[in-house]
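See structure below.
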Amino acid sequence: MKEILVSNVEKWLTPHLERVFHIKYTEQLKHSNYSSFDPEIPYIIGFEYIGEFTDVGALGDVLHLAAQSGKLKTIIFFSSYGVYAPKKSSFKESDIVCPKNFVGTRAAILEDILVYLANRYSLDLTILRLFNPYGPYQLSPYVVPTVLEKIACSGTVNIGDGEGPRFLLHLRSHRFAYALIENPKGIDIWNVGSGIPMSISSLITKAQEVTGGECDVLFDATKLREEYDYDYAVADISKIKKELGWEPKVSLEEGLALTYQWILGRSGK
C-alpha cells in the first residue's frame with residue numbers, strides 16, 4: 001500500500017483515503033512537519049483548518065521550504081468550486097477565479113501558491129475543484145448528512161435556499177484522483193462533480209424515495225447565507241471526461257443509499 005502525506009483535509013475524508021493508501025495525516029501543516037516530506041511520497045493537501053490569512057502564509061512557507069530543498073515532488077490539491085465568481089451557468093476551469101467568501105478565498109490563495117511552487121521547482125501539481133463531495137463519515141451541517149439524519153429520526157430539515165442547482169459528488173466517484181498520484185503530469189486543473197444538477201428541495205424528495213423514510217421541511221431564513229450560497233453551483237466536467245476519460249461512477253440514488261446505511265449503522269438503527 002503506497003504511503004502518502006495528507007494535511008489540511010477534513011477528517012471525514014481520511015477513512016476513504018485509508019482504503020487505498022497508508023496515510024500520514026496532520027490536521028494543519030506546520031514547520032514541525034517539515035521532516036515528513038519526501039520526494040518519493042506524494043502529498044495531498046486541502047484548504048481546511050485555516051482560520052486566518054496568516055495561517056495560509058505559514059502553510060505556504062512550509063511548502064516553499066519543502067519544494068526548495070527537493071523534499072516535495074507530487075501534489076494533489078483538493079480545492080473548491082468556491083474559487084469561481086458566481087454566475088448563472090456551468091463553471092469551466094478557464095473561468096475567472098474571483099471568490100466571494102473566505103472558503104473560496106483560502107482555496108484560491110493556496111492554488112496560487114501551489115502553481116507558483118510547481119512552476120518554480122518543476123513539481124507535478126493536480127488541482128481538483130470539488131463540487132459538494134459527500135459520503136460516509138461526513139456529518140451535519142453538510143446538506144446530505146443533515147437530510148439523511150433527519151429522515152432517520154423523522155425530524156425536520158431547516159433549509160434556506162432550496163432551489164439553487166448544485167452538484168453532489170459521492171466520494172467513491174473521485175477515486176480516479178488517486179491514480180494521478182501514480183501518473184503525475186505537470187500542472188493540471190480539473191472540475192470534479194456529478195454531472196447532474198440537483199436542488200436541495202429535489203435532494204430531499206429523492207432521499208425520501210431512496211430511503212423510504214420521511215422528514216418535515218421548514219424554511220428557515222437564518223439558513224440563507226448570501227456570502228456562501230451560490231445560485232448555480234454546477235460544474236462543466238467536459239475537460240476531465242476528455243482528458244482522463246473520467247465520469248462519475250456512483251449515481252445519486254446509490255450514493256444516498258450507501259450514506260444512509262452508514263448513518264443508520266452509526267445511530268444503531
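Note: hydrogens, waters and symmetry copies are ignored here, and every other heavy atom, side chains too, is used.
When all heavy atoms of S122 and K73 are compared, the pair lying nearest together is O-NZ, 2.9 Å. A pairwise comparison of heavy atoms in A235 and N191 identifies CB-CB, 3.9 Å as the closest pair. Here the closest heavy-atom approach between residue P197 and residue V234 is recorded as CB-CG2, 3.9 Å. Contact detail for A152 and I263: the closest heavy-atom pair is CB-CG2, 4.4 Å. V192 approaches W246 most closely through the heavy-atom pair CG1-CH2, 3.9 Å. Heavy atoms only, all atoms of each residue included: C215 and V157 are closest at SG-CG2, 3.7 Å.
For the pair R106 and E48, the salt-bridge criterion is met [side-chain N within less than 4.0 Å of a carboxylate O]. Electrostatic pairing of R129 and E111 counts as a salt bridge here, judged by a charged N lying under 4.0 Å from a carboxylate O.
Taking the ring axis of Y34 as reference, the NZ or CZ atom of K71 stays within 45° of it and closer than 6.0 Å to the ring centre.
With hydrogens and angles ignored, the 3.5 Å screen pairs no side-chain donor or acceptor of S140 with any backbone N or O of Y142. D55 contributes a side-chain N or O that, together with a main-chain N or O of E52, makes up a donor-acceptor pair within less than 3.5 Å. Side-chain atoms of H31 never come within 3.5 Å of backbone atoms of A58 as a donor-acceptor pair (strictly under, hydrogens ignored).
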**Request:** Just do the side chain to side chain donor-acceptor pair (under 3.5 Å) check on T14 and Y137 with the steps written out, would you?
**Result:** CA-CA 9 Å; T14 59; Y137 306 103; over 6 Å; no
**Item:** Verdict with reasoning, K24 to V6, per side chain to side chain contact (heavy atoms under 4.5 Å, CB included)
**Value:** CA-CA 6 Å; K24 297 169 64 177; V6 181; over 6 Å; no
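Cluster membership for L59 and Y116, using ILVMFWY side-chain heavy atoms within less than 4.5 angstrom, is shared.
Atom CD of E3 has more than 12 heavy atoms from other residues, nucleotides or ligands within 6.0 Å. Remark: K150 NZ is loosely packed, at most 12 non-hydrogen atoms of other residues, nucleotides or ligands lying under 6.0 Å away.
Aromatic ring pairs are classed by plane angle as parallel below 30°, tilted from 30° to 60° and perpendicular above 60°; the pair F91 and Y84 is parallel.
There is a side-chain donor-acceptor pair under 3.5 Å between S7 and Y43. Of the N and O atoms on the side chains of S202 and T205, not one donor lies less than 3.5 Å from an acceptor on the other residue.
Aromatic ring centres of F47 and F78: separated by at least 6.0 Å.
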